[in-house]
Trainee: 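Let me begin by handing over the structure; questions about it come next.
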Amino acid sequence: MAKVVKNSGTICLRAEVCDLERTLLGGQSFRWRKLCSEPKVKYCGVALNTYWELTPEAEHIAYEAHVATNNPTNTNFTSLLSDYLRADFDLEKQQKNWMLADEKFKKFVGQPVRMLSQEPLENIICFMCSQNNNIKRISSMIQWLCSAYGNKIGLFNGQEEFTFPTLKELQGERSCSQLDAELRAAKFGYRAKFIARSLTEIEKLGGLDWFEQLRRLPYMEAREALVQLPGIGYKVADCICLMSLNHLQAVPIDTHIFKLAQRHYLPHLASQKTVTSKIYDEISQHFQQLHGQYAGWAQAVLFCADLPQFQPKLESNAAKKRKK
DNA sequence: TAACTACCTTTAGC
DNA sequence: AGCTAAAGGTAGT
């Protein structure tokens with residue numbers, strides 16, 4: 001049994017510029033959950049081979065980090081977490097810019113959502129799972145994947161936690177079609193084949209080294225490289241560029257953003273039923289022209305504001321009638 | 001070239 | 001209770 005090492009500390013990130021609820025549970029990552037421990041709210045989850053418990057305070061975020069010693073990680077947990085939450089990014093300043101550029105942005109800026117800096121492989125697999133899917137099911141699929149192929153870190157608050165598997169761990173001695181079959185059996189549906197084939201491709205392209213190249217490439221070139229993989233279209237490619245390749249100008253257009261754009265930004269699209277590639281480009285470029293180099297982060301704020309789970313509770317029909 | 005539709009599976013909403 | 005539609009889309013037609 002591997003030894004588990006525990007570390008604790010704080011990172012400098014004021015609650016005012018970091019809403020952990022929306023940042024961690026808003027569909028960027030699928031491995032965080034809320035720990036409703038009294039008296040303080042905590043969030044726990046796995047990222048970067050480490051199991052974290054985070055407690056937001058007014059002036060900083062307190063963390064506990066647990067890592068199994070047989071899992072390789074950087075041991076400077078403070079810098080690890082700071083990088084993950086992009087603590088150096090001045091969100092306050094950018095939000096002011098976004099509001100200046102877009103009058104309508106104001107009503108969405110209530111809560112400060114941070115753009116996580118995630119690991120490419122995890123990001124790619126999660127978002128290949130995201131097509132025609134919802135956050136709840138994606139989370140359970142990823143949890144299964146980690147427990148089946150990752151390394152156990154330990155038992156925390158009644159749940160076993162696992163690292164996200166590496167490319168090698170996912171492939172093992174398995175052929176591409178074997179992995180496909182295993183994922184099929186685990187209810188990944190038609191995404192199973194996409195994932196198995198893409199992993200084979202990624203291995204051929206150089207694995208982690210390839211991801212490093214994509215980080216250094218201009219955004220549009222990284223995007224074009226990604227859509228060559230089976231199961232990755234422009235939407236998922238943009239998610240990957242934005243969330244794990246540091247291309248913060250990428251603006252993924254999903255069904256939520258499409259509907260939001262129809263209602264609030266590009267009314268002439270109101271009659272359109274589906275997001276064609278032409279419409280995709282139009283909406284994406286609209287937000288890029290509005291917000292520039294950090295347009296993708298601005299989009300993430302809009303996306304979170306639009307999620308049903310973060311909507312203020314609708315008043316009941318009975319309450320509406322009483323008002324009338 | 002651009003727009004339509006099948007696709008795995010789950011579940012919220014009738 | 002049983003059905004439909006929609007869920008962070010993509011690839012093939």
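Residue numbers begin at 1 in each chain, while the letters A, B, ... track the order of the sequences. All figures in this text were calculated on a predicted structure; none of them were measured in a lab.
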Trainee: Among B:dA3, C:dG9, C:dG8, find the nucleotide with the atom closest to the side chain of A:K278.
Mentor: B:dA3

Trainee: Looking at A:D90, I'd like to know if its CG atom is crowded, meaning that more than 12 non-hydrogen atoms belonging to other residues, nucleotides or ligands lie closer than 6.0 Å.
Mentor: yes

Trainee: Out of C:dG8, B:dC8, B:dT10, which nucleotide sits closest to the side chain of A:D254?
Mentor: C:dG8

Trainee: Classify the nucleic acid contact of A:P252 as base, sugar-phosphate or nothing, counting any heavy atom under 4.0 Å across all strands shown.
Mentor: nothing

Trainee: For A:Q272 and B:dA2, what is the distance between atoms CD and P respectively, to the nearest whole Å?
Mentor: 13 Å

Trainee: What integer number of Å spans the P atoms of C:dT4 and B:dA6?
Mentor: 15 Å

Trainee: Taking everything shown except A:R215 itself, do over 12 heavy atoms lie less than 6.0 Å from its CZ?
Mentor: yes

Trainee: For the side chain of A:T274, starting at C-beta, report the closest nucleotide among B:dT5, C:dG8, C:dG9.
Mentor: B:dT5

Trainee: Would you say A:F127 stacks on C:dG8, if stacking means ring centres under 5.5 Å apart and planes within less than 30 degrees?
Mentor: no

Trainee: From the list B:dC8, B:dA12, C:dG8, which nucleotide is the closest neighbour of the side chain of A:N134?
Mentor: C:dG8

Trainee: Give a yes or no on whether A:R86 atom CZ has more than 12 heavy-atom contacts from other residues, nucleotides or ligands under 6.0 Å away.
Mentor: yes

Trainee: Just wondering, more than 12 heavy atoms not from A:L167 lying within 6.0 Å of its CG?
Mentor: yes

Trainee: Rounded to whole angstrom units, what separation is found between the OH atom of A:Y234 and the P atom of C:dA11?
Mentor: 10 Å

Trainee: Please figure out whether A:I257 or A:V227 has its closest DNA chain C nucleotide nearer the 5' end.
Mentor: A:I257

Trainee: Would you check if the side chain of A:T23 reaches a backbone N or O of A:R114 as a donor-acceptor pair within less than 3.5 Å?
Mentor: yes

Trainee: When we call it a touch if two heavy atoms are under 4.0 Å apart, what does A:K273 touch: a base, just sugar-phosphate, or nothing?
Mentor: nothing

Trainee: For residues 270-279 of chain A, run the donor-acceptor check on the side chains, cut-off 3.5 Å, and write out each pair with its distance to 0.1 Å, sequence neighbours left out.
Mentor:
{"residue": "A:T276", "atom": "OG1", "partner": "A:I279", "partner atom": "N", "Å": "3.3"}

Trainee: Looking at A:Y265, does the NZ or CZ of A:K104 lie under 6.0 angstrom from its six-membered ring centre and within 45 degrees of the ring axis?
Mentor: yes

Trainee: Atom CD1 of A:I124 and atom P of C:dG9: how far apart are they, to the nearest Å?
Mentor: 18 Å

Trainee: Could A:R22 and A:F310 be counted as a cation-pi pair, given that NZ or CZ must be under 6.0 Å from the ring centre and within 45° of the axis?
Mentor: yes

Trainee: Choose from B:dC4, C:dG9, C:dA11 the nucleotide whose nearest atom is closest to any side-chain atom of A:Q131.
Mentor: C:dG9

Trainee: What is the separation between atom CZ on A:F310 and atom P on C:dG8, rounded to the nearest whole Å?
Mentor: 12 Å

Trainee: Determine the Euclidean distance between corresponding C1' atoms of C:dA11 and B:dT10; express it in Å to zero decimal places.
Mentor: 23 Å

Trainee: Expressed in angstrom and rounded to an integer, what is the separation of A:L183 atom CG from B:dC8 atom C1'?
Mentor: 13 Å

Trainee: Nearest-Å distance, CZ (A:F188) to C1' (B:dC7)?
Mentor: 17 Å

Trainee: Return the stems involving DNA chain C, sorted by first number, where pairs are Watson-Crick (N1-N3 with N6-O4 or O6-N4) or G-U wobble (N1-O2 and O6-N3), both under 3.5 Å, and runs are 3 or more long.
Mentor: B:3-7 with C:9-13, B:9-14 with C:2-7

Trainee: Could you check whether the side chain of A:N132 and the base of C:dG9 have a donor-acceptor pair of N or O atoms closer than 3.5 Å, going by distance alone?
Mentor: yes

Trainee: I would like to know whether A:M141 and A:K187 meet side-chain contact (heavy atoms from CB on, under 4.5 Å); could you show each step before the answer?
Mentor: CA-CA 8 Å; A:M141 287 161 73; A:K187 314 288 177 88; over 6 Å; no

Trainee: Which one, B:dC7, C:dA11, B:dT10, comes nearest to the side chain of A:K187?
Mentor: B:dT10

Trainee: Select from A:S130 and A:G231 the residue whose nearest nucleotide in DNA chain C is closer to the 5' end of that strand.
Mentor: A:S130

Trainee: Over all strands shown, is A:G27 touching base, sugar-phosphate only, or nothing at heavy-atom distances under 4.0 angstrom?
Mentor: base

Trainee: Would you please confirm or rule out a distance under 4.0 Å between OP1 or OP2 of C:dA7 and any side-chain N or O of A:K259?
Mentor: yes

Trainee: Whole angstroms only, please: what is the CE-C1' distance between A:M141 and B:dT10?
Mentor: 11 Å

Trainee: Do the side chain of A:R137 and the base of B:dT9 come within less than 3.5 angstrom through a donor-acceptor pair of N or O atoms?
Mentor: yes

Trainee: Examine B:dA3: is either OP1 or OP2 under 4.0 Å from a nitrogen or oxygen in the side chain of A:T276? Give yes or no.
Mentor: yes

Trainee: Can you tell me, in whole Å, how much space there is between the C1' of B:dT5 and that of C:dA5?
Mentor: 15 Å

Trainee: What's A:R191 touching, base or sugar-phosphate or nothing? Going by heavy atoms closer than 4.0 Å.
Mentor: base

Trainee: It should be established whether A:K235 places a side-chain nitrogen or oxygen under 4.0 Å from OP1 or OP2 of nucleotide C:dT10.
Mentor: no

Trainee: What is the distance from CG of A:L229 to P of C:dT10, rounded to the nearest Å?
Mentor: 12 Å

Trainee: When all nucleic acid strands are considered with a 4.0 Å heavy-atom cut-off, which category describes A:I135: base, sugar-phosphate, or nothing?
Mentor: sugar-phosphate

Trainee: In whole Å, what separates the P atom of B:dT11 from that of C:dT10?
Mentor: 23 Å

Trainee: How is A:V236 classified with respect to the nucleic acid when contacts are heavy atoms under 4.0 Å: base, sugar-phosphate, or nothing?
Mentor: sugar-phosphate

Trainee: Should A:L242 and A:I138 be regarded as members of a common hydrophobic cluster, given that ILVMFWY residues are connected when their side-chain heavy atoms come within less than 4.5 Å of each other, either directly or indirectly?
Mentor: yes

Trainee: Name the nucleic acid region contacted by A:I253, choosing base, sugar-phosphate or nothing; use a 4.0 angstrom heavy-atom cut-off, strictly under.
Mentor: nothing

Trainee: If we take the P atom in both B:dC4 and C:dG8, what is their distance in whole Å?
Mentor: 23 Å

